[in-house]
Asker: 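My questions will all concern the structure given below.
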Amino acid sequence: MKQELTRLIQQALDSLVEQGQLPADIQPQVQIDRTRDKTHGDLASNIALTLAKAAKQAPRDLATLICAALPQADLVVRTEIAGPGFINFFLSDSNNQAVVRRILDEREAFGRNNSGGGQKVQVEFVSANPTGPLHVGHGRGAAVGDSLCRLLAATGWDVSSEFYYNDAGAQINNLALSVQARCRGLGPDDPAWPQDGYRGDYITELAQAYQRGEKIDAEDQHVTACGDTDDVEAIRQFAVAYLRREQDLDLKAFGVHFDVYFLESSLYLSGAVEATVQRLVEQGHTYQHEGAMWLRTTDFGDDKDRVMRKSDGGYTYFLPDVAYHQNKWQRGFQRVINEQGADHHSTVTRVRAGLQALQQDIPQGWPDYVLHQMVTVMRDGEEAKLSKRAGSYHTLRDLIDEVGRDATRYFLVARAPSSQLTFDIDLALSQSNDNPVYYIQYAHARVCSIMRKLGEQGWSWEAQDAMQHLGELGDEHEKALLRRLDRYPEIVANAAANNEPHTIATYLRELAGDFHTWYNASKMLVSEQPVRDARLALSQAVRQVIANGLDLLGVSAPEVM
RNA sequence: GGGGGUAUAGCUCAGCUGGAUAGAGCACCGGCCUUCUAAGCCGACGGUCGCAGGUUCGAAUCCUGCUACUCCCGCCA
């Protein structure tokens, strides 16, 4: 549509140049935008404004000239010059109604595109270490990351979701010691309790399971406890598997799936870390200082150099991070998106710098990062921080159990990741128009309800027949809905291109609003069949788009509420 | 001190990559269920887009400088 109009304007400009009404050396950038206000028509161009100076004419005069020179076209009913010199295009009703046919035709595919062209993309998210249950912050990562995967898949990318974790570092050792202490009947307040041990009640449950000799099957870990309290290594393996399984259950309850679980320890086992060190040394960006080996990350935009090998011979976490991302690159992911909490933002520059130092033609801005800000959980107007089980923070499971999967996912994905999020439990629980999740789902259920009612009335509806009567759609509410539906594919494309799943949530809220308004203003099940057919077609189109959009957010679209 | 993020209605937030009169929801006030689901609708109220400059036909949006809040700044991950 925009292309068509662009072509028309281009032709008009060409003919004006030919007639000498415009200088031959102008370089027009024809831009067509959707209008924000329907009184401005359907589409608008600012071409006269941008060209006014070069053409040495007042914008409105120039707009008049361009309009007069526009070739005839069926889809344009009329044009109008407005404001400082915009050209507004009013498209034909039949053109605007065509979106309904397209939606009912394409169904689940409506809004999808193939801009990814089957290229590989990896989305890494959550990546929680197995030291405890997932908390609300991980939940935000899961909601945003999973929705991103769905968006990318919907736009033609070959998506792989990945969960990276450390199963062998100091934190894990700490975890094993905490479990061992519990096995020995110690509590966090005992003098013999490990320094910085994990204090949550789940450690006790873990210790009991270990002593019972429980068998654990996590997505990527399978361990049977030997029950030996002295065997710290056995405890470590068991604890990792146990907590991974816990997290799996959290993720499953949340409807989030991962294709790959990647262990930090595997980078050591495979020699990847050592190889990365070698490469960095060979490329000459390292130096020794005070017994440690440093990488000159300041050569690549960091504000200070970083230690990569400690004076005790061990590596800092920075190095496996670089090795890990080098591994991603070697796996052929030219696009990688890392979804993380913003408290890790300092690793962004560091990892990119490390990758540049490898000098392996990895693009400078690679990989992409989506960083989400903190989540605060509110209840009764107060911050709800404590979870007894986890010992400190609010767990994702608590939230899902309390407000349900759909509401949890919606609220965690509905805001721009860059803005801090206040999760209002009371709002998420409310079964009223306060609650946007139900507001959107209700619109979907309403359409389903109408269709059920149709049968009860002894009527039927066939898409094919209904398509003949789309001309019946024409009141203001219906036009607003048609406009809104028409935008959906663009919304999806932009959300995927910019890593912004929250825009889908915003859109659905607006679409549902348009629908509810229309529903209250007009009756769908009227006796006059052509009108009824047309309205049901529009309703079905709305239902389809809501279902498609909710799916991108991982939220269900119930038929009955 | 250095860096990231944020600042829009009383509250929670959008704002389609620079467009026309800045939008929703909540809260508050007033209306709408003998008719397809009232988890809904309609109306009213509510703004110096943090402050000051700059860029241009045009700025909430881009640039610079301030201010406030927040996160990070370890040979921890």
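Chain letters run A, B, ... following the sequence lines, proteins first and then strands; every chain starts at 1.
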Asker: Taking the P atom in each of B:A14 and B:A59, what is the distance between them to the nearest angstrom?
Answerer: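 Straight-line distance between the two P atoms is 24 Å.
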Asker: Could you go step by step and tell me if A:H394 and A:L399 meet the side-chain contact (heavy atoms from CB on, under 4.5 Å) rule?
Answerer: CA-CA 8 Å; A:H394 207 107; A:L399 213 48; 4.2 Å; yes
Asker: Rounding to an integer number of angstrom, what distance separates B:C71 and B:C57 when you compare their C1' atoms?
Answerer: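 Going atom to atom, C1' in each nucleotide, I get 41 Å.
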Asker: A:T517 side chain N/O closer than 4.0 Å to the phosphate oxygens (OP1, OP2) of B:C42?
Answerer: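 Indeed, a polar side-chain atom of A:T517 lies that close.
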Asker: When you measure from the side-chain N and O atoms of A:S419 to the phosphate of B:A14, is any distance below 4.0 Å, counting only OP1 and OP2?
Answerer: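 True: A:S419 side-chain N/O within range (under 4.0 Å) of B:A14 OP1/OP2.
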Asker: Which whole number of Å gives the distance between the P atom of B:U64 and that of B:G23?
Answerer: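 Taking atom P in both B:U64 and B:G23, they lie 29 Å apart.
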Asker: CD1 of A:I440 versus P of B:U37: gap in Å, rounded?
Answerer: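 Distance, rounded to whole Å: 21 Å.
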Asker: Round to a whole Å and report the spacing from CG of A:L454 to P of B:U37.
Answerer: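 The answer, rounded to whole Å, is 12 Å.
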Asker: Just call it for A:A416: base, sugar-phosphate, or nothing, with non-hydrogen atoms closer than 4.0 Å on any strand.
Answerer: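 The residue A:A416 makes sugar-phosphate contact but no base contact.
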Asker: Quick one: sort the A:F163 and A:F258 rings into parallel, tilted or perpendicular, breaks at 30° and 60°.
Answerer: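 Because their plane-to-plane angle is over 60°, the rings of A:F163 and A:F258 count as perpendicular.
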Asker: For a quick check of understanding: with a heavy-atom distance under 4.0 Å over all strands, which category does A:K523 fall into, base, sugar-phosphate or nothing?
Answerer: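 If one applies the 4.0 Å heavy-atom cut-off, A:K523 turns out to touch a base.
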Asker: Decide yes or no, distance alone: a donor-acceptor N/O pair under 3.5 angstrom between the base of B:U17 and the side-chain of A:N498.
Answerer: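 When only heavy-atom distances are counted, A:N498 does reach the base of B:U17 through a donor-acceptor pair under 3.5 Å.
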Asker: Rounded to whole angstroms, how far apart are CG on A:D37 and C1' on B:A22?
Answerer: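 Taking atom C1' of B:A22 as the reference, CG of A:D37 is at 13 Å.
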Asker: Indicate yes or no: at least one non-hydrogen side-chain atom of A:I172 is less than 4.5 angstrom from one of A:P130.
Answerer: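 In contact.
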Asker: Write out all pairs satisfying side chain to side chain donor-acceptor pair (under 3.5 Å) with one or both partners inside residues 79-90 of chain A, taking only residues at least two apart or from two chains.
Answerer: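 Only A:R78-A:E80 qualify under side chain to side chain donor-acceptor pair (under 3.5 Å).
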Asker: Return no unless some side-chain N or O of A:Y439 is found under 4.0 Å from OP1 or OP2 of B:C41.
Answerer: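 Yes, A:Y439 has a side-chain N/O under 4.0 Å of OP1/OP2 on B:C41.
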Asker: Between N or O atoms, less than 3.5 Å apart, protein on one side and nucleotides 58-63 of chain B on the other: list the pairs.
Answerer:
none

Asker: Taking atom P in both B:C73 and B:G10, compute the distance separating them and give it to the nearest angstrom.
Answerer: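 Going atom to atom, P in each nucleotide, I get 36 Å.
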Asker: Where along nucleotides 70-77 of chain B does protein come under 4.0 Å, by heavy atom, of base (B) or sugar-phosphate alone (S), with - for untouched nucleotides?
Answerer: SSSSSBSB
Asker: Would you classify B:C71 as syn or anti? Syn applies when the glycosidic angle is within 90° of 0.
Answerer: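 Anti.
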Asker: So does A:S449 get a side-chain nitrogen or oxygen closer than 4.0 Å to the phosphate oxygens (OP1/OP2) of B:U37?
Answerer: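 It does, given that an N or O in the side chain of A:S449 lies less than 4.0 Å from OP1 or OP2 of B:U37.
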Asker: How long is the line joining NE2 of A:H502 and C1' of B:G25, in whole Å?
Answerer: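 In whole Å, B:G25 C1' and A:H502 NE2 are 16 Å from each other.
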Asker: Please report the distance separating the C1' of B:U17 from the corresponding atom of B:G58, rounded so that it comes out in whole Å.
Answerer: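 It comes out at 16 Å once rounded to the nearest Å.
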Asker: Output the residues of residues 47-57 of chain A in contact with RNA chain B, where contact means a heavy atom of the residue under 4.0 Å from an atom of the strand; sort by number or write none.
Answerer: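 Contacts with RNA chain B under 4.0 Å: A:L49, A:T50, A:K53.
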Asker: Output all residues satisfying side-chain contact (heavy atoms from CB on, under 4.5 Å) with A:V30, sequence neighbours left out; order by chain, then residue number.
Answerer: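 Partners of A:V30 by the side-chain contact (heavy atoms from CB on, under 4.5 Å) criterion, ordered by chain and then number, come out as A:T6, A:I9, A:Q10, A:L13, A:I32, A:I47.
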Asker: Could you spell out the base pairing of RNA chain B in dot-bracket, with Watson-Crick or G-U pairs whose two distances are under 3.5 Å, [ ] crossing and | to another strand?
Answerer: (((((((..((((.....[...))))..((((.......))))......(((((..]....))))))))))))....
Asker: Mind checking A:S522 for me? I need base, sugar-phosphate or nothing, with any heavy atom below 4.0 Å counting as a touch.
Answerer: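 Base, at least one base heavy atom under 4.0 Å.
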Asker: Can you name the nearest heavy-atom pair linking A:T503 to A:I491, along with the distance?
Answerer: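 Here A:T503 and A:I491 meet closest at O-CG2, 4.1 Å.
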Asker: Would you classify A:V560 as touching base, sugar-phosphate or nothing, given that sugar-phosphate means primed atoms plus P, OP1 and OP2, and contacts are heavy atoms under 4.0 Å?
Answerer: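 It contacts base atoms.
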Asker: Determine the interatomic distance between C1' on B:A44 and the same-named atom on B:U67; round to the nearest Å.
Answerer: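 Approximately 36 Å lies between the C1' atom of B:A44 and that of B:U67.
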Asker: List the atom pairs, with distances to 0.1 Å, where a side-chain N or O of residues 451-463 of chain A and a protein N or O form a donor-acceptor pair under 3.5 Å, not counting sequence neighbours.
Answerer:
residue : atom : partner : partner atom : Å
A:R452  : NH1  : A:E559  : O            : 3.2
A:R452  : NH2  : A:E559  : O            : 3.4
A:W461  : NE1  : A:D533  : O            : 3.0

Asker: Using the side chain to side chain contact (heavy atoms under 4.5 Å, CB included) definition, which of the options A:R306, A:K304, A:R352, A:H285 pairs with A:T297?
Answerer: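 Running side chain to side chain contact (heavy atoms under 4.5 Å, CB included) over A:R306, A:K304, A:R352, A:H285 with A:T297 returns exactly one hit, A:R306.
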Asker: Can you name the residues that form a ring-ring contact (aromatic ring centres under 6.0 Å, His included) with A:F89, not counting sequence neighbours?
Answerer: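 A:F89: no ring-ring contact (aromatic ring centres under 6.0 Å, His included) contacts found.
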Asker: Just to verify, what does A:W294 make a side chain to side chain donor-acceptor pair (under 3.5 Å) with, not counting sequence neighbours?
Answerer: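 Residues passing side chain to side chain donor-acceptor pair (under 3.5 Å) with A:W294: none at all.
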Asker: What's the gap between B:C41 and B:A27 when it is taken at their P atoms, as a whole Å value?
Answerer: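 Rounded to whole Å, the distance is 13 Å.
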Asker: Syn or anti for B:U55, given that syn means the glycosidic angle lies within 90° of 0?
Answerer: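 Anti for B:U55; the angle lies over 90° from 0.
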Asker: Using heavy atoms to find the nearest nucleotide of RNA chain B for A:A512 and A:A82 separately, return the residue whose nucleotide is more 5′.
Answerer: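 Result of the comparison: A:A82.
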Asker: Who are the side-chain contact (heavy atoms from CB on, under 4.5 Å) partners of A:M374, not counting sequence neighbours?
Answerer: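 side-chain contact (heavy atoms from CB on, under 4.5 Å) check on A:M374 returns A:D343.
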Asker: Is A:F262 close to A:N327 at the side-chain level, that is, under 4.5 Å between some pair of heavy atoms?
Answerer: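 Yes, at least one pair of side-chain atoms sits under 4.5 Å.
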Asker: Consider the side chain of A:R415, meaning its heavy atoms from C-beta on, and name the nucleotide among B:A38, B:U12, B:A39 that approaches it most closely.
Answerer: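 Closest of the options to the side chain of A:R415: B:U12.
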Asker: Could you work out which one of B:C13, B:G40, B:A20 sits closest to the side chain of A:Y442?
Answerer: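 Among B:C13, B:G40, B:A20, the one nearest the side chain of A:Y442 is B:G40.
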Asker: Would you indicate which nucleotide in B:C16, B:G40, B:U37 comes nearest to any side-chain atom of A:R487?
Answerer: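 Among B:C16, B:G40, B:U37, the one nearest the side chain of A:R487 is B:C16.
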Asker: Please report the distance, rounded to the nearest Å, between CD in A:Q457 and P in B:U37.
Answerer: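 Between P of B:U37 and CD of A:Q457: 10 Å.
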Asker: Other residues, nucleotides and ligands only: do more than 12 of their heavy atoms fall within 6.0 Å of NZ on A:K38?
Answerer: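 Result for NZ/A:K38: open.
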Asker: Nearest whole angstrom, please: distance from the P of B:U12 to the CG of A:D424.
Answerer: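 Checked: the CG to P distance equals 11 Å.
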Asker: How far, in whole Å, is B:C13 from B:U70 if one measures between their P atoms?
Answerer: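 After rounding to an integer number of Å, I get 15 Å for this pair.
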Asker: If I take atom CE in residue A:M561 and atom P in nucleotide B:U37, what distance separates them, rounded to the nearest angstrom?
Answerer: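 Answer to the nearest Å: 14 Å.
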Asker: If you define the side chain from C-beta out and look only at heavy atoms, does anything of A:Y369 sit under 4.5 Å from A:I337?
Answerer: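 Of all side-chain heavy-atom pairs linking A:I337 with A:Y369, none is under 4.5 Å.
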Asker: Would you mind reading off the distance between A:N88 atom CG and B:G19 atom C1', rounded to a whole angstrom?
Answerer: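 Rounding to the nearest Å, CG of A:N88 and C1' of B:G19 are 11 Å apart.
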Asker: For A:R112, which residues count as a side chain to side chain donor-acceptor pair (under 3.5 Å) partner, sequence neighbours excluded?
Answerer: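 Expected list: none.
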Asker: Just jot down the side chain to side chain donor-acceptor pair (under 3.5 Å) partners of A:Y268, sequence neighbours excluded, or say none.
Answerer: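 Not a single residue meets the side chain to side chain donor-acceptor pair (under 3.5 Å) criterion with A:Y268.
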Asker: Name the orientation class of the two ring planes belonging to A:Y261 and A:Y165 (parallel below 30°, tilted from 30 to 60°, perpendicular beyond 60°).
Answerer: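 It falls in the perpendicular class, over 60°.
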Asker: Any base atoms under 4.0 Å from A:A445, or only sugar-phosphate, or nothing? Heavy atoms, all strands.
Answerer: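 Base contact.
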Asker: When we call it a touch if two heavy atoms are under 4.0 Å apart, what does A:Y507 touch: a base, just sugar-phosphate, or nothing?
Answerer: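 Nothing, no nucleic acid heavy atom in range.
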Asker: Please determine, for the side chain of A:H40, which listed nucleotide (B:C41, B:A20, B:C13) has the closest atom?
Answerer: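 For A:H40, the side-chain atoms sit closest to B:A20.
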